[in-house]
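What follows is a short report on a single structure.
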Amino acid sequence: MPELPEVETVRRGLNRLVAGATIDHVEVFYPKMVTPDRDEFTAELIGRQIERIDRRGKYLLFRFSGDLTMVSHLRMEGKYDVQAEGSPITKHTHVVFHLKDDRELRYTDTRKFGRMRLVPTGQEAAEMPSLAKMGPEPTEEALTLAYMQTIFGKSHKVVKPFLLDQSRIAGLGNIYADEVLWLSKINPLTPADELTKAQLATLRRNIIEEMALAIQGHGTTVHSFSTAFGEAGQFQNHLHVYGREGEPCERCGTEIEKIKVAQRGTHFCPKCQPLPAAALEAFDRD
DNA sequence: GAAACTGTTTGAAT
DNA sequence: AATTCAAACAGTTT
């Protein structure tokens with residue numbers, strides 16, 4: 001489900017709803033979802049206060065009193081919501097954090113891909129390789145053009161899966177990768193090391209701006225994303241290519257195509273986003 | 001009804 | 001070392 005703007009939207013909602021609340025007890029209905037094991041996970045959280053919720057890439061970091069952090073990843077379908085104590089749980093609710101104020105914070109996830117893990121605050125990277133290797137946040141300060149030139153120049157990987165690699169840049173997923181490539185007029189099959197400096201500058205600008213705009217729009221709801229308040233995001237109304245196969249390109253009227261790139265559905269305009277000649281030759285030889 | 005999709009990550013294999 | 005592919009799971013679409 002969620003890419004960086006959706007996770008950030010959830011983070012902001014949770015900070016308003018549950019920061020300051022104290023855990024009474026926790027129920028885990030799907031033990032595979034938590035680390036350490038269910039008994040230790042539930043025992044560790046009793047009586048802790050939720051101080052605030054941070055974010056790194058697509059990970060939520062729940063900061064508890066006593067220097068304990070819960071690292072939570074929503075993967076494809078994970079959702080948090082807050083309900084009054086005792087309201088009936090649904091079929092796909094897997095973890096319930098009962099709060100002392102007679103509310104409960106619930107985690108629901110139809111596909112059960114999401115994971116949550118307790119680590120001492122400050123030890124997140126030491127215990128989780130994916131956090132240790134995470135690339136810079138897609139912001140003006142963290143994602144510099146010099147860094148972009150360095151990492152793109154070193155890889156022959158095609159740009160679409162390159163953008164999905166969280167160790168290079170944090171936060172982009174399948175929707176926003178397609179969107180920023182369309183905005184930048186770059187073909188998703190272009191090898192990373194064939195992008196010019198000018199293209200990298202354009203791509204960088206669009207990544208930073210698109211993430212900020214999508215956060216302003218409270219994320220994109222195409223399947224089931226909802227905010228911590230149970231509301232849909234709004235940014236799906238601003239998508240240019242994702243889910244628009246067969247529709248005319250907003251810039252040139254050409255039909256948007258959908259292809260598979262590295263096993264992921266990939267949407268682009270064949271006219272606005274042509275493959276560079278060099279890449280085309282390499283493609284023909286295959 | 002079967003097969004192929006779906007916003008992600010990982011671990012194993014190459 | 002860098003990349004690719006299947007697997008984790010359940011629901012929806014073709």
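Convention: sequence-line order gives letters A, B, ...; per-chain numbering from 1.
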What is the distance from [atom1] of [X] to [atom2] of [N], rounded to the nearest Å?
X	N	atom1	atom2	answer
A:F113	B:dT6	CZ	P	13 Å
A:R75	B:dT10	CZ	C1'	7 Å
A:E6	B:dT6	CD	P	17 Å
A:L131	B:dT10	CG	C1'	14 Å
A:E77	B:dT8	CD	C1'	11 Å
A:K32	B:dT10	NZ	P	15 Å
A:M33	B:dT9	CE	P	15 Å
A:H94	C:dA8	NE2	P	16 Å

* Asked: So, A:T220 versus A:Y176: side-chain donor-acceptor pair below 3.5 Å or not?
  -> yes

* Asked: Does the side chain of A:D24 pick up a donor-acceptor pair with the side chain of A:H98 at under 3.5 Å?
  ->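 Not at all, the side chains of A:D24 and A:H98 share no donor-acceptor pair under 3.5 Å.
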
What's the gap between [N] and [M] when it is taken at their [atom1] atoms, as a whole Å value?
N	M	atom1	value
C:dC9	B:dG11	P	15 Å
B:dT9	C:dA1	P	23 Å
B:dC5	B:dG1	C1'	16 Å

* Is any side-chain N of the basic residue among A:R63 and A:E51 closer than 4.0 Å to the acidic one's carboxylate O? -> no

* To do: Inspect the contact between A:K79 and A:D81 and indicate whether a charged nitrogen and a carboxylate oxygen are less than 4.0 angstrom apart.
  => no

Could you work out, with side chain to side chain donor-acceptor pair (under 3.5 Å) as the rule, every residue matching [X], not counting sequence neighbours?
X	value
A:R115	none
A:R106	A:S87, A:E104
A:E257	none

* Which nucleotides of nucleotides 2-7 of chain C have their base under 4.0 Å from a protein heavy atom (B), which only their sugar-phosphate (S), and which neither (-), written as one string 5' to 3'? -> -SSB--

Could you run down the sub-3.5 Å N/O contacts of the protein with nucleotides 11-14 of chain C?
residue	atom	partner	partner atom	Å
C:dG11	OP1	A:K91	NZ	3.1
C:dG11	OP1	A:H92	NE2	2.7

* **Any pair counted as side-chain hydrogen bond (donor to acceptor under 3.5 Å, both in side chains), so long as it reaches residues 207-219 of chain A, sequence neighbours left out** => none

Which atom pairs link the protein and nucleotides 11-14 of chain B when you take only N or O atoms and keep those under 3.5 Å?
none

Under 4.0 Å, counting only non-hydrogen atoms across every strand here, what does [X] touch: a base, just sugar-phosphate, or nothing?
X	value
A:Y242	sugar-phosphate
A:F162	nothing
A:G265	sugar-phosphate

Among residues at least two apart in sequence or on other chains, which ones pass side chain to side chain contact (heavy atoms under 4.5 Å, CB included) with [X]?
X	answer
A:V119	A:T69, A:V71, A:R117, A:E124, A:E127
A:E250	A:W182, A:H240, A:R244
A:P136	A:A142, A:L143, A:Y147

Can you see if the side chain of [X] gets near the phosphate of [N] - specifically, an N or O under 4.0 Å from OP1 or OP2?
X	N	answer
A:Q166	B:dT8	no
A:Y30	C:dC9	yes
A:R264	B:dC5	no
A:K58	B:dT8	yes
A:K260	B:dT6	yes
A:K112	C:dA10	yes

* Pairwise distance NE2(A:H92) to CG(A:D109) - rounded to 0.5 angstrom ->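 It comes to 9.5 Å.
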
* Structure fact -> So CG of A:L14 and OH of A:Y80: to nearest 0.5 Å the spacing works out to 7.5 Å

* Write out the stems for DNA chain C, ordered by first number and formatted as range with range, counting runs of at least 3 consecutive Watson-Crick or G-U wobble pairs under 3.5 Å. =>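 Only these stems qualify: B:2-6 with C:10-14, B:8-14 with C:2-8.
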
* Asked: With nearest nucleotides of DNA chain B determined for A:S130 and A:R111 from heavy-atom distances, which residue corresponds to the more 5′ nucleotide?
  ->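 Upstream on the strand: A:R111.
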
* To do: Measure from the ring center of A:Y242 to the ring center of A:H267 and say whether it is less than 6.0 Å.
  => yes

* Any residue meeting salt bridge (charged side-chain N to carboxylate O under 4.0 Å, His left out) with A:R111, in chain and number order, not counting sequence neighbours -> none

